[in-house]
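Some notes on the structure that comes next.
These values consider heavy atoms only, across backbone and side chains, with no hydrogens, waters or symmetry-generated copies.
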Amino acid sequence: MNTDLFLPDTSAILTMMDSEEGADLVEDILRTREILLPALVLFEVYYKSIQYRGVETAELRYATLRSIRATHVSELTEPVLLKGGEFKAQYQISLADSIIAAYAFVHNATLVHKDPEFEALTMVNQVKLPYKLK
């Protein structure tokens, strides 16, 4: 397993951008580790930022994510598509989460998140951030 490659999920990126508990860990990972950043994460950060912070903030966040040192991937390769389909079928997780987890699995990356949907995916190496209290 490539323990030096990390994939921050949308929840991890938003944790850092909103200065929530666990933000320091996400920032440290982004600064010191090799990062895999699927376009789907940028998409989710962008639309969620529009919803909760407005278009101007969403555009700034998108530009920030595009500028960080990371391997940006926008292609949905067949291995990712098939693994994502397996995750979606077996674990009934959201479409976005199934594809993001598939990127982590196929690329042997550690998934950084605070999303309980990923708990069932024990075959994916994970760093779990503190969950929000409801």
Side-chain angles (χ1 to χ4, degrees):
M1 179 182 310
N2 183 356
T3 57
D4 292 329
L5 182 62
F6 287 76
L7 192 165
D9 173 55
T10 307
S11 62
I13 296 294
L14 291 174
T15 291
M16 183 192 67
M17 290 181 163
D18 292 338
S19 299
E20 295 174 353
E21 188 177 359
D24 291 344
L25 176 58
V26 177
E27 186 174 347
D28 182 61
I29 289 169
L30 290 175
R31 289 183 187 278
T32 62
R33 303 299 183 123
E34 185 180 347
I35 303 299
L36 180 68
L37 202 52
L40 191 51
V41 171
L42 276 71
F43 168 77
E44 285 195 309
V45 168
Y46 184 71
Y47 90 74
K48 287 180 181 194
S49 295
I50 289 173
Q51 288 177 324
Y52 300 108
R53 306 280 184 185
V55 173
E56 191 172 307
T57 298
E59 289 175 352
L60 179 60
R61 288 176 169 190
Y62 177 79
T64 299
L65 288 175
R66 288 296 300 158
S67 70
I68 66 171
R69 180 190 48 82
T71 300
H72 293 267
V73 288
S74 57
E75 182 181 5
L76 184 60
T77 62
E78 189 170 307
V80 171
L81 180 143
L82 295 176
K83 184 53 71 178
E86 287 176 29
F87 288 163
K88 176 85 175 124
Q90 290 180 317
Y91 301 101
Q92 289 81 48
I93 61 177
S94 73
L95 175 66
D97 285 349
S98 65
I99 292 171
I100 291 168
Y103 274 111
F105 181 85
V106 168
H107 292 275
N108 294 318
T110 299
L111 182 63
V112 183
H113 70 89
K114 66 190 250 173
D115 189 336
E117 274 199 338
F118 292 124
E119 292 281 335
L121 303 177
T122 57
M123 71 295 296
V124 176
N125 193 29
Q126 302 178 35
V127 170
K128 298 170 191 163
L129 301 169
Y131 295 149
K132 282 185 182 179
L133 298 176
K134 294 186 182 199

> Any Lys/Arg nitrogen of Lys114 or Glu20 sitting under 4.0 Å from an Asp/Glu carboxylate oxygen of the other?
Replying inline: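 Yes, charged N to carboxylate O under 4.0 Å.
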
> Do Arg61 and Asp18 sit within salt-bridge range, that is, some charged N less than 4.0 Å from a carboxylate O?
Replying inline: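 Salt bridge: yes.
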
Just verifying a value: how many Å separate [X] [atom1] and [Y] [atom2], rounded to the nearest 0.5 Å?
| X | Y | atom1 | atom2 | answer |
| --- | --- | --- | --- | --- |
| Thr10 | Asp97 | OG1 | CG | 7.5 Å |
| Met16 | Asp28 | CE | CG | 12.0 Å |
| Arg33 | Leu5 | CZ | CG | 10.5 Å |
| Leu81 | Glu86 | CG | CD | 10.5 Å |
| Ile35 | Leu30 | CD1 | CG | 5.0 Å |
| Asp24 | Thr15 | CG | OG1 | 11.5 Å |

Check whether any side-chain N or O of [X] sits under 3.5 Å from a backbone N or O of [Y] as a donor-acceptor pair, and report yes or no.
| X | Y | result |
| --- | --- | --- |
| Arg69 | Arg31 | yes |
| Glu117 | Ser94 | yes |
| Thr57 | Gly54 | no |
| Glu21 | Leu129 | no |
| Gln126 | His113 | no |

What pair of heavy atoms forms the shortest contact from [X] to [Y], and how long is it?
| X | Y | answer |
| --- | --- | --- |
| Pro130 | Gly22 | CD-CA, 4.2 Å |
| Ala102 | Gly84 | CB-N, 3.4 Å |
| Val124 | Ala101 | CG2-O, 4.2 Å |

> Could you walk me through whether Leu37 and Tyr103 pass the side-chain contact (heavy atoms from CB on, under 4.5 Å) check?
Replying inline: CA-CA 9 Å; Leu37 202 52; Tyr103 274 111; over 6 Å; no

> Can Lys128 and Asp115 be said to form a salt bridge (charged side-chain N to carboxylate O under 4.0 Å, His left out), step by step?
Replying inline: CA-CA 8 Å; Lys128 298 170 191 163; Asp115 189 336; over 6 Å; no

If two hydrophobic side chains count as joined below 4.5 Å and joins carry through other members, does [X] share a cluster with [Y]?
| X | Y | value |
| --- | --- | --- |
| Leu60 | Val55 | no |
| Phe43 | Tyr52 | no |
| Leu65 | Tyr47 | yes |
| Ile68 | Val112 | yes |

> Side-chain contact, heavy-atom cut-off 4.5 Å: Lys48 with Leu14?
Replying inline: yes

> Under a 4.5 Å cut-off applied to non-hydrogen side-chain atoms, are Leu25 and Ile29 in contact?
Replying inline: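 Side-chain contact under 4.5 Å: yes.
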
>> Under 6.0 Å from the ring centre and within 45 degrees of the ring axis: does the NZ or CZ of Lys83 meet both conditions for the six-membered ring of Phe105?
In response: yes

> Does the pair Leu76 and Leu40 meet the rule for a side-chain contact (heavy atoms from CB on, under 4.5 Å), with working shown?
Replying inline: CA-CA 10 Å; Leu76 184 60; Leu40 191 51; over 6 Å; no

>> Counting neighbours of CD on Glu56 that are heavy atoms of other residues, nucleotides or ligands and sit closer than 6.0 Å, is the number greater than 12?
In response: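 Atom CD in Glu56 is not packed in, count stays at 12 or less.
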
>> Quick one, Ile99 with Leu95, criterion side-chain contact (heavy atoms from CB on, under 4.5 Å). Give me CA distance, side-chain angles, the key distance, then yes/no.
In response: CA-CA 6 Å; Ile99 292 171; Leu95 175 66; 3.9 Å; yes

>> For Val73, run the side-chain contact (heavy atoms from CB on, under 4.5 Å) check against Val80, Leu7, Leu36 and tell me which one passes.
In response: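 Exactly one option meets the side-chain contact (heavy atoms from CB on, under 4.5 Å) with Val73, and it is Leu36.
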
>> For Leu42 and Tyr62: C-alpha separation, side-chain torsions, deciding distance, then whether side-chain contact (heavy atoms from CB on, under 4.5 Å) applies.
In response: CA-CA 6 Å; Leu42 276 71; Tyr62 177 79; 3.6 Å; yes

>> Can you see whether Thr110 engages Asn125 through a side-chain donor-acceptor pair at a distance of less than 3.5 angstrom?
In response: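 Distance-only check passes for Thr110 and Asn125.
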
